[in-house]
Amino acid sequence: MQKTPTGILYSATDLVNFLECEHLTSLDIQNLEVWMQKAEDDEQAKLIQDKGTDHESVYRDSLREQHASFTDISAVGNDRTARHQATLQAMQDGIEIIFQATFLKDEFLGYADFLRRVDA
């Protein structure tokens, strides 16, 4: 969940969390108003995160080499509206691989690590 000047944005993770644990959702809502300190990641969590980041980087580079057109939406910056517009433009332009695609519709926000265009 993210609080914005116009309301709250919900992600797919927020919906799954609600289905799994209503208490978690109530804590997420509370955290929107009063920041709750989270536990620091331990060494194992950091190792897993680093391995995941490394894997994603290698995969991204291989896709960039294999496809004629590739765009990285994260290069647009942190503004989610600009990232959403850049994602839509890349899709309309027929870009084969879109990295870090951003989707924004009403109160829903979503990210995709990789989008691959398929001819259908």
Side-chain angles (χ1 to χ4, degrees):
M1 277 180 230
Q2 296 180 26
K3 190 172 185 179
T4 70
T6 58
I8 298 173
L9 292 175
Y10 300 96
S11 69
T13 300
D14 296 323
L15 299 176
V16 170
N17 287 349
F18 175 76
L19 294 172
E20 292 293 324
C21 178
E22 291 181 24
H23 181 65
L24 176 57
T25 300
S26 68
L27 291 173
D28 286 343
I29 292 169
Q30 181 181 348
N31 190 48
L32 290 175
E33 296 301 325
V34 179
W35 181 77
M36 299 168 62
Q37 184 174 352
K38 296 180 180 176
E40 291 187 28
D41 291 333
D42 62 13
E43 288 183 30
Q44 182 178 4
K46 290 177 184 176
L47 176 64
I48 292 168
Q49 291 167 6
D50 289 344
K51 293 292 185 184
T53 301
D54 291 345
H55 172 74
E56 182 181 72
S57 179
V58 168
Y59 186 62
R60 180 194 64 225
D61 292 344
S62 72
L63 289 175
R64 189 185 311 248
E65 291 173 9
Q66 294 172 19
H67 295 274
S69 57
F70 178 100
T71 191
D72 181 351
I73 299 299
S74 65
V76 172
N78 291 328
D79 180 85
R80 66 181 145 259
T81 302
R83 288 176 63 143
H84 171 69
Q85 291 300 322
T87 298
L88 293 178
Q89 187 63 53
M91 292 170 68
Q92 290 171 354
D93 291 346
I95 302 295
E96 290 180 81
I97 302 292
I98 303 171
F99 178 62
Q100 295 298 312
T102 301
F103 299 100
L104 186 58
K105 176 70 174 162
D106 301 325
E107 71 270 13
F108 297 104
L109 173 66
Y111 298 100
D113 291 332
F114 299 95
L115 284 183
R116 189 181 102 197
R117 189 193 79 210
V118 293
D119 296 321

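This chain uses plain numbering: 1 for the first residue, then up along the sequence.
- Using a 4.5 Å heavy-atom threshold, the side chains of Leu109 and Phe103 count as separate.
- Under the rule for a ring-ring contact (aromatic ring centres under 6.0 Å, His included), the partners of Tyr59 that lie at least two apart in sequence or sit in another chain are Phe114.
- Glu40 pairs by the salt bridge (Lys or Arg N to Asp or Glu O under 4.0 Å) definition with nothing, not counting sequence neighbours.
- For the ring-ring contact (aromatic ring centres under 6.0 Å, His included) test, no residue two or more places apart in sequence or in another chain qualifies with Phe70.
- Two residues are said to be in side-chain contact when any heavy atoms from C-beta on lie closer than 4.5 Å; Leu9 and Met1 fail this criterion.
- Among Gln85, His84, Arg83, the single residue meeting the side chain to side chain contact (heavy atoms under 4.5 Å, CB included) criterion with Leu104 is His84.
- At least one side-chain heavy atom of Gln30 sits less than 4.5 Å from a side-chain heavy atom of Met36.
- Under a 3.5 Å cut-off, the side chain of Gln100 and the backbone N or O of Ile73 do not form any donor-acceptor pair.
- Tyr111 and Phe108 fall into different hydrophobic clusters, where Ile, Leu, Val, Met, Phe, Trp and Tyr side chains are chained together by heavy-atom contacts under 4.5 Å.
- A donor-acceptor pair is defined here as one N or O able to donate and one able to accept, closer than 3.5 Å; such a pair exists between the side chain of Asp42 and the backbone of Gln44.
- What you find for Ser69 and Gly94 is that their closest heavy atoms are OG-O, 4.0 Å.
- Here the side chain of Asp72 pairs a donor or acceptor atom with the backbone of Ser74 at under 3.5 angstrom.
- In this structure, the side chain of Asp50 does not engage the main chain of Leu47 through any donor-acceptor pair within 3.5 Å.
- By the 6.0 Å contact criterion, CD on Gln66 is enclosed, its count of non-hydrogen atoms from other residues, nucleotides or ligands being greater than 12.
- With contacts defined as side-chain heavy-atom distances shorter than 4.5 Å, the pair Gln49/Asp41 qualifies.
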Between Thr25 and Asp14, does a side chain to side chain contact (heavy atoms under 4.5 Å, CB included) hold up when you go through it step by step?
CA-CA 7 Å; Thr25 300; Asp14 296 323; over 6 Å; no
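- Side-chain contact between Thr4 and Arg80 is present, with heavy atoms from C-beta onward closer than 4.5 Å.
- Within the 3.5 Å criterion, the main-chain N or O of Ile97 finds no donor-acceptor partner in the side chain of His67.
- Side-chain atoms of Leu24 and Asp28, non-hydrogen and from C-beta on, do get closer than 4.5 Å to each other.
- A distance-only check finds no donor-acceptor pair linking the side chain of Ser57 to the backbone of Asp54 [under 3.5 Å].
- Glu56 has its side chain within reach of Phe99: a pair of non-hydrogen atoms, C-beta onward, lies under 4.5 Å apart.
- Surrounding CG of Asn78 are at most 12 heavy atoms belonging to other residues, nucleotides or ligands under 6.0 Å away.
- By the 4.5 Å heavy-atom criterion applied to side chains, Glu33 and Lys3 are counted as neighbours.
- Under a cut-off of 6.0 angstrom, the local environment of CZ in Arg64 is crowded, with over 12 non-hydrogen atoms contributed by other residues, nucleotides or ligands.
- Taken from CD1 in Ile29 to CZ in Phe18, the straight-line distance is 8.5 Å, to the nearest 0.5 Å.
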If you apply the rule side chain to side chain contact (heavy atoms under 4.5 Å, CB included), what do you find for Met91 with Ile98, and how did you get there?
CA-CA 8 Å; Met91 292 170 68; Ile98 303 171; 3.6 Å; yes
